Amino acid sequence: MAEETERAEAAVAALSEAEAAARLAELTRRLDAANRAYYQDDAPDLSDADYDALKREAAAIEARFPHLAHPDSPTAQVGAAPAEGFGKVTHAERMLSLANAFDAADVADFVAGIRRYLNLPDAAPLAFTAEPKIDGLSLSLRYEDGRLVSAATRGDGVTGENVTANALTIKDIPARLEGAPAVLEVRGEVYMRHADFAALNAQQAAAGDKTFANPRNAAAGSLRQLDPAVTRARPLSFFAYSWGELSAPLGRSQAEAVARLAALGFPTNPLTRRCDSLDEMLAHYAGIEERRATLGYDIDGVVYKVDDLALQARLGLRSTTPRWAIAHKFPAELAWTRLEAIDIQVGRTGALSPVARLTPVTVGGVVVSNATLHNEDYIAGRDSRGQPIRGGRDIRVGDWVQVYRAGDVIPKIADVDLSRRPEGAAPFVFPVTCPECGSDAVREEGDAVRRCTGGLICPAQAVEKLKHFVSRQAFDIEGLGSKQVEAFYADGWIREPADIFDLERNYGTGLRQLKNREGWGEKSARNLFDAIAERRRIGLGRLIFALGIRHVGEVAAADLARHFGSWAAFIDTVDRAAQEPAAAAPDVRARKPHLADSPAWSEITGIDGIGEAVAVALTTTLTQDAERASVDRLVAQLQVEAPPARATAGSPVAGKTVVFTGTLEKMTRAEAKARAEALGAKVAGSVSAKTDLLVAGPGAGSKAKKAAELGIETIDEDGWLALIGDG
DNA sequence: GTGCCTCGAGTTCA
DNA sequence: CTCGAGGCAC
């Protein structure tokens, strides 16, 4: 092999850069074709030796001219030995999920909400597309100059897994496109047809391999194979229904764009229709539901999208879902089973959550044996406002209950059969002490959950807090997951976060060593210590989030970090706020607003998105002696890094406070606000000294006057659109 | 005070 | 994925 590599290198050494580039393009084309033939058509058109020779030559060119190497080059991609895992792909445009509608009334609300947002009268035309919602997994295919360069799963919507080699084995997915925009991201669903699923399972069973519970699992399992040769043997299908980044528009409407995707060679769903009214949408839904069993593949509802793409753009996105689309779900599959027991779990905040232990039963292709029961009111047959649910029927141990999987995932109890209730079944008595530590469990006025008051004395709370601390969005320590945390806690090696950073000092050398624990060796112990050491440098936002303070999740922590910039500034302000009389009042709701004017307190509550509940949680938690000592001990071990500036820093209105007033003619107020915020501006309701810009439409009154008095820049709607480049 | 919308905290199974 | 509740605009 070395000899052949040398020969390839020698040939390349004679090439000019331009020649090398041309030769690499040619090699890439031939390798792609060969991969295609091999993986997809299962009909190799090149011998292995020829294939390897081409690949070596391409690799040699890439080695000599590294900037010519394409990240998705076939030398790096298809045909390579299976990787240990999939690479990550950051989507150029986020992959969204959809809001759900469960009945016609929800769909009607959706349509009405869109008319309201766009300020369209009831009589104005508004068309939607309606298409079956395929029950598979979504995939984003990126084409550059007509060539498939990457295929990625949805992941968390921002980054997904790179499954390019596997996608190339799917017959419905073209490797090359003719006449496509230079950049085209096609989004769609990978799924398995019923007939293919049955055949695959028969084959798996015959080979003694495990069979799949349902087509969706089979499709997901097949796409995530590390060896593309395995995926090639799995009969996967694909429907395109959407797109991400584009260098040129696909059309003016959803229907046109999907037709264009079909013309480019992608399968699109034949049951996609354009509907001009709510009635047509619902009729199409009914029609699809009727044909559901005969389609030959699983669907779980119907997706409606606003047809006009200009309107889609105006409607824009909420945090994780577009405003212009909704999934109308079919009723969930139901199954009856017996409730064996009700267990109580204790969460990180001390919340006592009841869990139903069920006689295992198949629901929607999956065996379910646990289901959430939410809280004590839910068991008693009431919602949080005291209104009856399930006709007010309570749930008792021994009852026959009807189970479904909410969103096809989380098992829940829909109903209870009173006629089959066993004689002598007593109403469930919710514990008033913590089942883990025996402390009182109290339910605060207006709160739906009962909480253990044990704090860190409670082993369940302590462990859950530690799990939160090491979780992915917090410290994310490789090799220290929830299993490990439980084991270390049980042995007393880790009782609080700071102990993690003492682990090597305490258990690296000496009598009790990590490497002598069961399942641990020299190498794995070293890896863990290194992973922990790496996290001594930590972002301020991650640190604040990791502390697990009530009401302070990822977003609030990031907001706090961005505002304060350093741990010292943050903790100092919290300390000062805690000493001010306003915070000292035990009941927030009883506090008088005028007391909240003290500077540190209002600095905290003045942060956008941070209110009183968060401020109270911060001040009370972080000034509690034991908790504070633990936090101080932790922070002393860390190098806390300032958060990066906002991603929107480049936009002309980033960081500016904008106020809209008067009548807006080209957009509704909600649109204007959403657009401005997307560009990093803060939108306020009234003009004050902090306002940077007033956008005044016709009929502007007192706000415009006040802005003039304060000397604040004022522009009209067109001026605004020009400023943000939406002229 | 009401009504979004977003966030936080809880949840299952493969 | 869902519920409950916090935060904020109207």
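These figures come from a predicted structure and were not determined experimentally. Note on naming: letters A, B, ... go to the chains in the order of the sequence lines (proteins, then strands), and numbering restarts at 1 for each one.
Look at OH on A/Tyr117: it is 15 Å from P on C/dA9, rounded to the nearest Å. When rounded to the nearest whole Å, the span between CZ of A/Arg382 and P of C/dC3 equals 18 Å. Between A/Asp559 atom CG and C/dG6 atom C1' there is a gap of 13 Å when expressed in whole angstrom units. Atom pair A/Asp377:CG and B/dG10:P shows a separation of 17 Å (rounding to whole Å applied). Protein atom NZ of A/Lys465 is 12 Å distant from nucleotide atom P of B/dG10, rounded to whole Å. Computed from coordinates, the A/Arg443 CZ to C/dG4 C1' distance equals 12 Å when rounded to whole Å. Protein atom NE2 of A/His374 is 20 Å distant from nucleotide atom P of B/dG8, rounded to whole Å. Between the CZ atom of A/Arg451 and the P atom of B/dG10 there is a distance of 7 Å, rounded to whole Å.
Distance from the side chain of A/Glu554 is smallest to B/dG8 among B/dG8, C/dC3, C/dG6. Side-chain proximity of A/Ala351 to C/dG4, B/dG10, C/dC8: nearest is B/dG10. Taking only side-chain atoms of A/Ala448, from C-beta outward, the nucleotide of B/dA9, C/dG4, C/dC3 with the closest atom is C/dG4.
Every pair passing salt bridge (Lys or Arg N to Asp or Glu O under 4.0 Å) that includes a residue from residues 324-340 of chain A is listed here, sequence neighbours excluded: A/Arg338-A/Glu340. Applying the ring-ring contact (aromatic ring centres under 6.0 Å, His included) rule to pairs touching residues 356-382 of chain A yields A/His374-A/Tyr378, sequence neighbours excluded.
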Dump the pairs, protein N or O against N or O of nucleotides 11-14 of chain B, anything under 3.5 Å, distances to one decimal.
{"from": "B/dT11", "atom 1": "OP1", "to": "A/Gln345", "atom 2": "OE1", "distance (Å)": "2.6"}
{"from": "B/dT11", "atom 1": "OP1", "to": "A/Ser353", "atom 2": "OG", "distance (Å)": "3.3"}
{"from": "B/dC13", "atom 1": "OP1", "to": "A/Ser369", "atom 2": "N", "distance (Å)": "2.9"}
{"from": "B/dC13", "atom 1": "OP1", "to": "A/Ser369", "atom 2": "OG", "distance (Å)": "3.4"}
{"from": "B/dC13", "atom 1": "OP1", "to": "A/Asn370", "atom 2": "N", "distance (Å)": "3.0"}
{"from": "B/dC13", "atom 1": "OP2", "to": "A/Asn370", "atom 2": "ND2", "distance (Å)": "2.9"}

Check: protein-nucleotides 1-4 of chain B nitrogen or oxygen pairs below 3.5 Å:
none

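Between A/Ile549 atom CD1 and A/Leu560 atom CG the span is 8.5 Å, to the nearest 0.5 Å.
Among the protein residues, A/Phe545 comes within range of no part of the nucleic acid, since none of its heavy atoms lies under 4.0 Å from any strand. Contact annotation for A/Thr349: backbone-only contact, meaning every heavy-atom pair under 4.0 Å involves sugar-phosphate atoms and none involves a base.
Listed for the A/Arg443 side chain is no donor-acceptor partner under 3.5 Å among the backbone atoms of A/Val449.
For the side chain to side chain donor-acceptor pair (under 3.5 Å) test, no residue two or more places apart in sequence or in another chain qualifies with A/His551. Residues forming a ring pair (Phe, Tyr, Trp, His ring centres under 6.0 Å) with A/Tyr304 (at least two apart in sequence, or on another chain): A/His328.
For the side chain to side chain contact (heavy atoms under 4.5 Å, CB included) test with A/Phe564, the passing option among A/Asp559, A/Ile604, A/Ile544, A/Val574 is A/Ile604; the others fail.
Of all non-hydrogen atoms in A/Pro411 and A/Val403, the two that sit nearest each other are CB-CG1, 4.4 Å.
For A/Phe545 and A/His468, the ring centers are positioned less than 6.0 Å apart.
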